[in-house]
Number of protein chains: 2
Amino acid sequence: MNRPKTSARVTSTQVAKLAGVSRTTVSFVLNDVPQMGISEETRERVLLAARQLGYVPNAAARSLVSGATRTVALVVPHNEHLKVDNFIPRMLAGVNETCHARGYKVLFEPMIEAGRPGRFVDLVDSRRIDGLIVLNVPRSEDAHLAHLAAEGFPLVVLGSNLDAHAGIYSIDVDTREAARTATRHLLALGHRQVAHIGFAPNEYHGVSERLYGYRDALREFGIEMDPERVAFANFSAQSGHEAMRALLAREVPITALFAGNDTIAFGAIAALRDAGLRVPEDVAVVGYDDIPLAAYAAPPLTTIRTAPYEQGCEAAALLVRLIAGEQPAERHSTSPVPLIVRASCGTPRVAA
Amino acid sequence: MNRPKTSARVTSTQVAKLAGVSRTTVSFVLNDVPQMGISEETRERVLLAARQLGYVPNAAARSLVSGATRTVALVVPHNEHLKVDNFIPRMLAGVNETCHARGYKVLFEPMIEAGRPGRFVDLVDSRRIDGLIVLNVPRSEDAHLAHLAAEGFPLVVLGSNLDAHAGIYSIDVDTREAARTATRHLLALGHRQVAHIGFAPNEYHGVSERLYGYRDALREFGIEMDPERVAFANFSAQSGHEAMRALLAREVPITALFAGNDTIAFGAIAALRDAGLRVPEDVAVVGYDDIPLAAYAAPPLTTIRTAPYEQGCEAAALLVRLIAGEQPAERHSTSPVPLIVRASCGTPRVAA
DNA sequence: TTGTAGGCGTTATCAT
DNA sequence: ATGATAACGCCTACAA
């Protein structure tokens, strides 16, 4: 069979031989280096030869000499999160879309592997990537990131505390303000016994931001935060279910819930249902993220729209600029996070 | 400050110099080549020097000479799918977990970028990856895969038609049988007007497999498939919602639905609700995949458990074996797909 | 307009 | 037991 072999043991030397030119010429043509004065005819011949042989340059060789890999990594705290929530998948979609459009491949890396910190820094040190996007940094990893940023390595941080990462480029939403908005919404509807379930253990920046926002809103209404009405889950619906059961078991009256993410909200709602409570009649619920299913659940969920896909796109676009050597003046971008009102909070209730 | 610089312009030559040995020795020590008789003392010195300098071998250089990249790619049909369904994220979690545990990085690649076929084959040709896992191959890409497999490139296919990929290693479930099971469940409950919504356009193997299984089950009960009761969606809840509306608009009586995936099932259920129909009282619904939220929805969804995480793990484990040069005799692994019965189908109904 | 030569950082084959 | 030396495939001055 005479079909071009795409098996890629093809080297530029072979292309050169077939085209009857030197490797240099091949290189010039294929990377179309301008001003090098390659005759149109030679050009054609080289291109033809390359196509016939199914030539694709060896990435390792190229990156060895150029120092670039055209690859970036997206680092997330834990693989596990992919399974139970869809914030990360949507963000990955955005990162992937934008990176591919700009010629970059995306490595998906968990920060924690099998219980212990993965060495994502090795990716940098071994020069496997040109840049890094890091999501939801646990406090324990702040130092590593600061170090990388100080060295000038292209780095964008998502979903983190601006203070902790002052010198680092970040794409984020104002989580605290969003949490305030969500909680205020419940308070404005007349609720005074508002519970909160964090979406993760408290070592994540995003978790404490929500907690602060929740507390802020309560204070605005002259209410002091009651630890008895606060619980922490772990990303999944199941953990939300358990957290809600725990809250109910404390037998503190609760008429509303601000959940740290939508998935947890759904778990909590199921727990309320199991306990014979109706949503929104007995307990109003606000979620966080606006996952695609939020609009289609029963009841449809009132929630904060964080638009992770768009955040991912923005982070990737910024990263590519950093890789290109640009140094944008603004280091922090904060997008708005609207409250999407649906049926899960019902109508205003008369003050108790 | 005297902290080891991890910035990794450190080369093995520098380590050699600091340790007072040659680069060869450094290489032997770091890759601990056995039988090479390196004195314990030299060993220590090299290791110390490497640590002091924060030496990490350059991946490109290493892969250039070794021919291996310790990277694999997971190819999925479209980025978009990440956003709306969580089958792929869970599978990615499995692939990622297993690959990282075995020292491989994972590149996440869409097969279709911005509407046109991405050249995932270039990853192979440019030798950026040592192996490939491909999910849900559209028929149009069958030939490329056959070609790669014929060349002996390590390749595992997921969620595809076994006939179409006879010579290719695959991890899969018996989709057709699962669809039969799901549909039979509805028929056994007394339903005779069973609709089906495919999870994607019909160019995917998985979609037609479900359709065949659906048809098989109907036939077992002496019913001929009615195209008027079949619609196709596009992964998302929204598309499920639209498909259900379309079905309802046809005004063909329907008492049960087998949805191509859970996300679509939820969209469809919302459409039924919007139309004033109750689930399960008026329409029974079976989903497909058992996404984590299925158990927490109202009503909890009866569905087929496809366990994508486990499939991902299995695929990755197999791929790593293939990369290592093994040639397992069995090319196809098929895992069981149990029907998980919850509340969305209600109780047996009297025959109409 | 094209060819020659050196180097990117490793690994691996030889001598010593 | 260790150290030169030659690849790996590509890019890019520089020379012709």
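The model shown is predicted, which means the values in this text are computed figures rather than measured ones. Each chain gets a letter, A, B and so on, in the order the sequences are listed, and its residues count up from 1.
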Can you tell me if [X] and [Y] form a side-chain donor-acceptor pair at under 3.5 Å?
X	Y	value
E314(B)	S333(B)	yes
T71(B)	R128(A)	yes
T25(A)	S22(A)	yes

Nearest non-hydrogen partners of S63(A) and T69(A), listed with the distance: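 Closest approach of S63(A) to T69(A), heavy atoms only: OG-CG2, 4.0 Å.
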Can you check the F28(B) CZ to dG3(D) C1' distance for me, whole Å? 10 Å
To the nearest Å, give me how far apart CD (E41(B)) and P (dA1(D)) are. 13 Å
Using a heavy-atom cut-off of 4.0 Å across all strands, would you classify T42(A) as base, sugar-phosphate, or nothing? sugar-phosphate
Please state whether the phosphate of dC11(D), meaning OP1 or OP2, lies under 4.0 angstrom from any side-chain nitrogen or oxygen of S66(A).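 No, S66(A) has no side-chain N/O under 4.0 Å of OP1/OP2 on dC11(D).
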Cation-pi geometry met for R90(A) and Y309(A) (6.0 Å, 45°):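 No, R90(A) and Y309(A) do not form such a contact.
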So do C99(B) and K105(B) actually touch side chain to side chain, heavy atoms under 4.5 Å?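 K105(B) does not reach C99(B) side chain to side chain.
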Could you write nucleotides 5-10 of chain D as a row of B, S and -, 5' to 3', where a protein heavy atom under 4.0 Å of any base atom gives B, of only sugar-phosphate atoms gives S, and otherwise -? BB-BBB
